[in-house]
Amino acid sequence: MNEGSAGGASRPLDFIREQVQADSAAGTFAGRVQTRFPPEPNGFLHIGHAKAVCLNFEVAAEHGGTCRLRFDDTNPEGEDVSYAQAIAEDIAWLGYEPDGPAVHASDYFEQLYGWAEHLVGEGLAYVDDQDAETVSATRGDFSTPGIDSPCRDRSVEQNLGLLRDMRAGRFDDGSRVLRAKIDMAHPNMLMRDPVMYRIRHTGHFRTGDAWCIYPTYDWAHGQSDAIEGVTHSLCSLEFDAHRQLYDWYLEHLRLPGDRPRQYEFARLNLTHTVTSKRRLSTLIDEELVDGWDDPRLPTLRGLRRRGYPPEAIRAFCAHIGVARVNGVHEIELLESFVRTHHNRHALRRMAVLRPLEVVIDNWPQGRVEHRRAVNNPEDPSAGEREVPFTGRLWIERDDFMLDPPRKFYRLAPGREVRLRAGYFLRCNDVETGSAGEVVRLRCTYDPDTGSGQAPDGRKVRATIHWVSADHAADARVALYGRLFTDPVPGADGRDPLESYNPASCELITDAKVEPALAGAGPGEVVQFERLGYFARDAEDATLFHRTVGLRDEWANIQKRRQQRS
RNA sequence: UGGCCGGUAGUUCAACUGGCAGAACGUCGGACUUUGGCUCCGGAUGUUGCAGGUUCGAGUCCUGCCCGGCCAGCCA
């Protein structure tokens, strides 16, 4: 698995890169390549957006071109600077730097309006007095043509006057629209006299109350691309049908440069989660998650809090490639990239999530030994640390079984294991409570095994982690599971919430962690040995979020047994 | 109901544009190992949606059908 940037040399080009390369070679745009990432500032970016971000920035970079961040702020409702800021932050976090300051569709409102008057002048646009319901009802459907609006044949002068009155604020919201005059019988519904301007007496977060008419997406997007000099306008598959309209508008205007071309690719879907804004909002509104940065969410803010490194997200996006097939990616694949990154970079630490007390009867009373442990076996330069070892330890409850089944290699009565960075430990006796529950293990250690090996050559099957009870720090650890139990929530038209997993977050409040963990920085991801990768919370030094577990062969064995029975 | 876009391993993508169907992740097995992790080695998995046709030869071209997605916002 290759981390770094997209499309290693060994990999064939995807259909978009192939197109860009062909254009570049043919000198189509004088060899220039320019893309853009055009979010609407009305929400937060999620993993699906990350795919578009990577594609746009990297395609441009591969050709020495430019990629701008453009806010598609054509609809004042719901848009806000705070979203624009958050989006810019998330892009920077992902590791991309847009060319120049962010631009806005609203920067072009005046130009767009001028072009609209031009189209009116050409007899290619008209003001329609019909209300939304009527416009919708007369559009026809897939098998019947639409009906021409009675306003369709207004004179240029009349249309110009009405359009200026619209802009001047002389009409109420919804009372009139400007429509392109194309073809009410067109097989592409989008071409049946699409709306270019609608009236909204609503303040805009950038233009304030300067405008009361706002361009629609279709009327703004291609022209914004053209104004900026975008060459390849990449968007998701659902805009496929819009391309015809995109081209129509641009063909009927005098553009400052070459006509940009739109190409569509499949949006990214992940199993066991949702990415549509509507569905994410529902989760938040119904308090099924804690907010837009809940670590269970596929939002970039959520993933960041969870401990997903931007490098892994980029490597994942590069790996999945771009095509026109609508599919669903297994979230396990994303997780494997997260593991690959952290395996190389995360420091190893010991933490016991569900503590079980071990008393070492032959340990010298009151003695504390500082054991040296490697910080990262994958990276010698990460060095070593000291871990205090004493006669009273916490070990993981899962690492002991009274009556171990076959293939359980860990501790059991009479068995010996190795303590990581410590000694061999043998369990001699088990103290149980009134209900028969295990409360304490009486053990002995072998003082000759400090090297990790026994001089007599005897082997142990397992090495387990531990924390000195006298030195352990208390911590809370949030364990996250799948947000939805169904691989594709909401498949077959069901309500996605039906498969919402109420057990998707388990908070452990009495974990015991080694002293070195006090030094973990905000947001730092470490490996709890044998357990997984955990991100220290950005604020709370005693809270850790499980980013992703390690591959767990023992868990797989148990799962298989369960499936067989 | 019409138009458009798709359909290749469990999943996501390849297949030099008509020439022996592959890779990654997952899975299974083995080696190694002071993490049941990592790393390394190996195995299995396909009626290329279906049926015809053209061709010496079809995943690729043609015809018909099936399945999935998108489109009837004054959302993007």
Side-chain angles (χ1 to χ4, degrees), chain A residues 1-2 10-12 14 38-40 42-43 72-75 77-78 128 130-133 135-137 139-146 173-179 186-190 192 194-200 213-214 216-218 220-221 235-244 264 266 268 271 277 316 319-330 332-337 339-340 343-344 348 350 373-374 377-378 407-410 418-422 424 449 451-453 460-465 487 527-532 549-557:
Chain A
M1 221 182 305
N2 191 13
S10 56
R11 217 183 143 153
D14 57 68
E40 185 184 15
N42 68 346
D72 218 337
D73 55 348
T74 54
N75 182 355
E77 283 159 23
D128 194 340
Q130 300 180 117
D131 61 22
E133 240 170 69
V135 167
S136 173
R139 196 173 343 255
D141 60 33
F142 299 136
S143 51
T144 47
D173 285 10
S175 62
R176 261 160 255 253
V177 287
L178 182 71
R179 291 228 255 172
H186 202 286
N188 182 351
M189 301 288 294
L190 282 161
R192 320 249 261 227
V195 171
M196 297 164 60
Y197 276 103
R198 65 298 211 181
I199 302 172
R200 288 260 194 297
I213 58 171
Y214 290 95
T216 54
Y217 165 85
D218 288 301
H221 205 90
C235 61
S236 47
L237 237 32
E238 63 264 35
F239 291 101
D240 186 308
H242 293 248
R243 187 176 61 241
Q244 204 170 10
E264 311 85 23
L268 167 62
T271 54
K277 182 150 66 237
F316 170 71
H319 183 265
I320 61 175
V322 5
R324 286 177 68 85
V325 206
N326 258 316
V328 186
H329 292 264
E330 290 170 342
E332 289 83 356
L333 181 61
L334 209 208
E335 291 177 337
S336 91
F337 279 91
R339 285 194 197 98
T340 299
N343 178 49
R344 288 206 277 264
R348 312 290 126 120
M350 291 198 281
V374 292
E378 307 292 318
K407 284 195 174 176
F408 181 85
Y409 301 148
R410 284 108 97 147
R418 175 166 38 230
L419 293 170
R420 176 90 175 155
F424 281 19
T449 55
S451 66
Q453 309 292 336
V460 289
R461 299 292 302 260
T463 301
I464 66 172
H465 59 277
Q527 183 192 99
F528 288 175
E529 293 220 42
R530 304 208 304 129
L531 297 176
L550 257 29
R551 278 196 190 84
D552 187 344
E553 185 54 27
W554 172 238
N556 283 344
I557 290 170

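Below, chain A is the first sequence line, B the second, and so on; all start at residue 1. Because only heavy atoms are used, hydrogens play no part in the values below, and waters and symmetry mates are left out as well, while side chains stay in.
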Rounding to the closest angstrom, what is the interatomic distance between [N] and [M] at atom [atom1]?
N: B:G53; M: B:A58; atom1: C1'; answer: 11 Å
N: B:G30; M: B:G18; atom1: P; answer: 46 Å
N: B:A15; M: B:G46; atom1: C1'; answer: 14 Å
N: B:U11; M: B:G26; atom1: C1'; answer: 8 Å
N: B:G49; M: B:G37; atom1: P; answer: 37 Å
N: B:U63; M: B:C5; atom1: P; answer: 13 Å
N: B:C62; M: B:G6; atom1: P; answer: 13 Å
N: B:A44; M: B:C28; atom1: C1'; answer: 7 Å

Whole angstroms only, please: what is the [atom1]-[atom2] distance between [X] and [N]?
X: A:Met189; N: B:G3; atom1: CE; atom2: P; value: 14 Å
X: A:Phe142; N: B:C4; atom1: CZ; atom2: C1'; value: 11 Å
X: A:His186; N: B:C71; atom1: NE2; atom2: P; value: 18 Å
X: A:Asp141; N: B:A72; atom1: CG; atom2: C1'; value: 7 Å
X: A:Asp240; N: B:C4; atom1: CG; atom2: C1'; value: 6 Å
X: A:Leu237; N: B:G69; atom1: CG; atom2: C1'; value: 8 Å

With sequence neighbours excluded, tell me which residues meet salt bridge (Lys or Arg N to Asp or Glu O under 4.0 Å) with [X].
X: A:Arg420; value: A:Glu529
X: A:Arg192; value: none
X: A:Arg176; value: A:Asp129
X: A:Glu264; value: A:Arg243, A:Arg324

Side chain A:Arg530, main chain A:Met350, donor-acceptor under 3.5 Å: no

Is the backbone of A:Glu238 close enough, under 3.5 Å, to the side chain of A:Ser236 for a donor and an acceptor to pair up by distance? no

What residues, two or more places apart in sequence or in another chain, satisfy side-chain hydrogen bond (donor to acceptor under 3.5 Å, both in side chains) together with A:Asp173? none

A:Thr463: what forms a side-chain hydrogen bond (donor to acceptor under 3.5 Å, both in side chains) with it, not counting sequence neighbours? A:Arg418

Listed by chain and number, what are the ring-ring contact (aromatic ring centres under 6.0 Å, His included) partners of A:His221, not counting sequence neighbours? A:Tyr217

Which residues pass the ring-ring contact (aromatic ring centres under 6.0 Å, His included) test with A:Phe408, sequence neighbours left out? A:Trp554

In B/S/- notation, 5' to 3', how is nucleotides 12-20 of chain B contacted by protein heavy atoms closer than 4.0 Å? SSS--B---

Annotated protein contacts, base or backbone, on nucleotides 33-48 of chain B with a non-hydrogen cut-off under 4.0 Å, one of B, S, - each: -BBBBB----------

Could you write out RNA chain B as dot-bracket? Rules: Watson-Crick or G-U wobble, both distances under 3.5 Å, brackets [ ] for crossings, | for pairs with another strand, dot for unpaired. .((((((..((((.....[..)))).(((((.......))))).....(((((..]....))))))))))).....

Return the CZ to OG1 distance between A:Arg179 and A:Thr216, rounded to the nearest 0.5 Å. 12.0 Å

Nearest-0.5 Å distance, OG of residue A:Ser336 to CG of residue A:Asn343: 11.5 Å

Check A:Ala241 against A:Asn188 and note the closest heavy-atom contact, atom names and distance. O-ND2, 3.0 Å

How far apart are the closest heavy atoms of A:Leu333 and A:His319, and which atoms are they? CD2-ND1, 3.9 Å

I'd like a table of atom pairs between the protein and nucleotides 74-76 of chain B - only N or O on both sides, under 3.5 Å - with the distance next to each one.
residue: B:C74; atom: OP1; partner: A:Arg139; partner atom: NH2; Å: 3.0
residue: B:C74; atom: OP2; partner: A:Arg139; partner atom: NH2; Å: 3.2
residue: B:C74; atom: N4; partner: A:Gln130; partner atom: O; Å: 3.0
residue: B:C74; atom: N4; partner: A:Ala132; partner atom: N; Å: 3.0
residue: B:C74; atom: N4; partner: A:Gly174; partner atom: O; Å: 3.1
residue: B:C75; atom: OP1; partner: A:Arg200; partner atom: NH2; Å: 2.8
residue: B:C75; atom: OP2; partner: A:Arg198; partner atom: NE; Å: 3.2
residue: B:C75; atom: OP2; partner: A:Arg198; partner atom: NH2; Å: 2.8
residue: B:C75; atom: OP2; partner: A:Arg200; partner atom: NH2; Å: 2.6
residue: B:C75; atom: O3'; partner: A:Arg198; partner atom: NH2; Å: 3.0
residue: B:C75; atom: O2'; partner: A:Asn75; partner atom: ND2; Å: 3.4
residue: B:A76; atom: OP1; partner: A:Thr74; partner atom: OG1; Å: 2.8
residue: B:A76; atom: OP1; partner: A:Arg198; partner atom: NH1; Å: 3.2
residue: B:A76; atom: OP1; partner: A:Arg198; partner atom: NH2; Å: 2.7
residue: B:A76; atom: OP2; partner: A:Tyr217; partner atom: N; Å: 2.9
residue: B:A76; atom: O3'; partner: A:Asp72; partner atom: OD2; Å: 3.3
residue: B:A76; atom: N6; partner: A:His242; partner atom: NE2; Å: 3.1

The glycosidic conformation of B:G59, counting syn as within 90° of 0 and anti otherwise, is anti

Is B:U17 syn or is it anti, if syn means the base angle is within 90 degrees of 0? syn

Check whether more than 12 heavy atoms from other residues, nucleotides or ligands sit under 6.0 Å from atom CD of A:Glu77, and answer yes or no. yes

